[in-house]
Amino acid sequence: MAAVEAESAPLTLESLPTDPLLLILSFLDYRDLINCCYVSRRLSQLSSHDPLWRRHCKKYWLISEEEKTQKNQCWKSLFIDTYSDVGRYIDHFAAIKKAWDDLKKYLEPRCPRMVLSLKGFGIKMMLAL
């Protein structure tokens, strides 16, 4: 009799298992993840799951594990902090940062003084876009 009652009980978001919900959330972009925070407490908790934001930090901001460790923040906080600084460039930031990092990598062994003189310039250049 209990099995029949369990089968007829309505399916709710609260009764769904966590792992499949996290898998579904992993397909969402950052805007949708943020919107999930406003749907329910459960979705808010799940959409704050750190590995979900790790992917977005790496994709949009090229933040490495080492940078995360240095800043001592969770991935979601890193994403939001970076977005508040340079969010309007989100579609182009990764390409620009990669080009800048490649230029710096090329110049460091050849012209270290030039890299030092350009250090502050690189960030200003990215923000001027």
Side-chain angles (χ1 to χ4, degrees):
M1 184 71 170
V4 174
E5 288 178 16
E7 288 178 20
S8 64
L11 188 62
T12 66
L13 186 62
E14 304 303 319
S15 65
L16 292 174
T18 299
D19 288 341
L21 286 173
L22 286 173
L23 179 63
I24 292 167
L25 291 174
S26 73
F27 291 100
L28 300 181
D29 73 353
Y30 68 94
R31 291 177 198 96
D32 295 329
L33 272 179
I34 290 171
N35 287 329
C36 283
C37 291
Y38 301 110
V39 174
S40 71
R41 278 194 185 120
R42 177 105 193 272
L43 274 183
S44 179
Q45 289 172 333
L46 292 174
S47 63
S48 295
H49 189 61
D50 222 28
L52 296 173
W53 291 97
R54 176 180 180 264
R55 181 177 67 106
H56 295 297
C57 284
K58 289 183 177 253
K59 176 182 177 182
Y60 293 109
W61 312 129
L62 303 180
I63 297 174
S64 66
E65 297 283 342
E66 183 181 307
E67 288 174 292
K68 180 197 180 287
T69 304
Q70 288 173 352
K71 294 187 178 187
N72 197 26
Q73 289 181 291
C74 68
W75 287 109
K76 183 179 179 182
S77 296
L78 277 173
F79 184 90
I80 291 171
D81 288 350
T82 308
Y83 188 86
S84 67
D85 287 342
V86 291
R88 60 182 163 225
Y89 310 114
I90 195 164
D91 294 328
H92 309 287
F93 187 86
I96 294 168
K97 185 172 190 256
K98 183 177 179 338
W100 178 253
D101 290 345
D102 290 346
L103 177 64
K104 194 167 96 174
K105 184 178 174 183
Y106 175 81
L107 288 175
E108 276 179 334
R110 293 166 181 83
C111 309
R113 293 176 75 193
M114 184 181 284
V115 173
L116 290 174
S117 69
L118 294 174
K119 205 169 197 168
F121 177 74
I123 301 296
K124 290 176 187 172
M125 183 179 73
M126 285 193 289
L127 296 177
L129 292 176

Nearest-0.5 Å distance, CG of residue L21 to CD of residue Q45: 12.0 Å

L52 and S26, any side-chain heavy atoms less than 4.5 Å apart: yes

field: Common cluster, F27/V39, ILVMFWY with side-chain heavy-atom separation under 4.5 Å
entry: no

task: Quick one: pull up NZ in K71 and OG1 in T82 and give me the separation to the nearest 0.5 Å.
output: 5.5 Å

query: In Å and rounded to the nearest 0.5 Å, what is the NZ to CG distance from K98 to L103?
result: 12.0 Å

query: Any side-chain heavy-atom pair from W61 and I90 closer than 4.5 angstrom?
result: yes

- prompt: Tell me, do L33 and W53 make a side-chain contact under 4.5 Å, heavy atoms counted?
  reply: yes

task: Would you give the length of the straight line joining atom CG of L11 to atom CG of L16, rounded to the nearest 0.5 angstrom?
output: 4.5 Å

message: To check you understand the geometry: which heavy-atom pair defines the closest contact between L25 and C36, and what is its length?
response: CD2-SG, 3.8 Å

query: Is the closest side-chain heavy-atom distance between N35 and L28 below 4.5 Å?
result: no

Exercise: identify the closest heavy-atom pair between T12 and S15: O-OG, 2.8 Å

- prompt: Taking a hydrophobic cluster as the set of Ile, Leu, Val, Met, Phe, Trp and Tyr residues connected by side-chain heavy atoms closer than 4.5 Å, whether directly or through intermediates, do Y38 and I24 fall within one such cluster?
  reply: no

query: Quick one: salt bridge (charged side-chain N to carboxylate O under 4.0 Å, His left out) pairs with a partner in residues 41-55, sequence neighbours left out?
result: R54-E65

Please table the atom pairs, donor to acceptor, closer than 3.5 Å between any side-chain atom in residues 72-81 and protein atoms at least two apart or in another chain.
{"from": "Q73", "atom 1": "NE2", "to": "D81", "atom 2": "OD2", "distance (Å)": "2.6"}
{"from": "K76", "atom 1": "NZ", "to": "S48", "atom 2": "OG", "distance (Å)": "3.0"}

Residues D101 and K105 bridged, charged N to O under 4.0 Å: no

- prompt: For the hydrophobic clusters of this structure (ILVMFWY residues joined by side-chain heavy atoms under 4.5 Å, transitively), does one cluster hold both L62 and Y60?
  reply: no

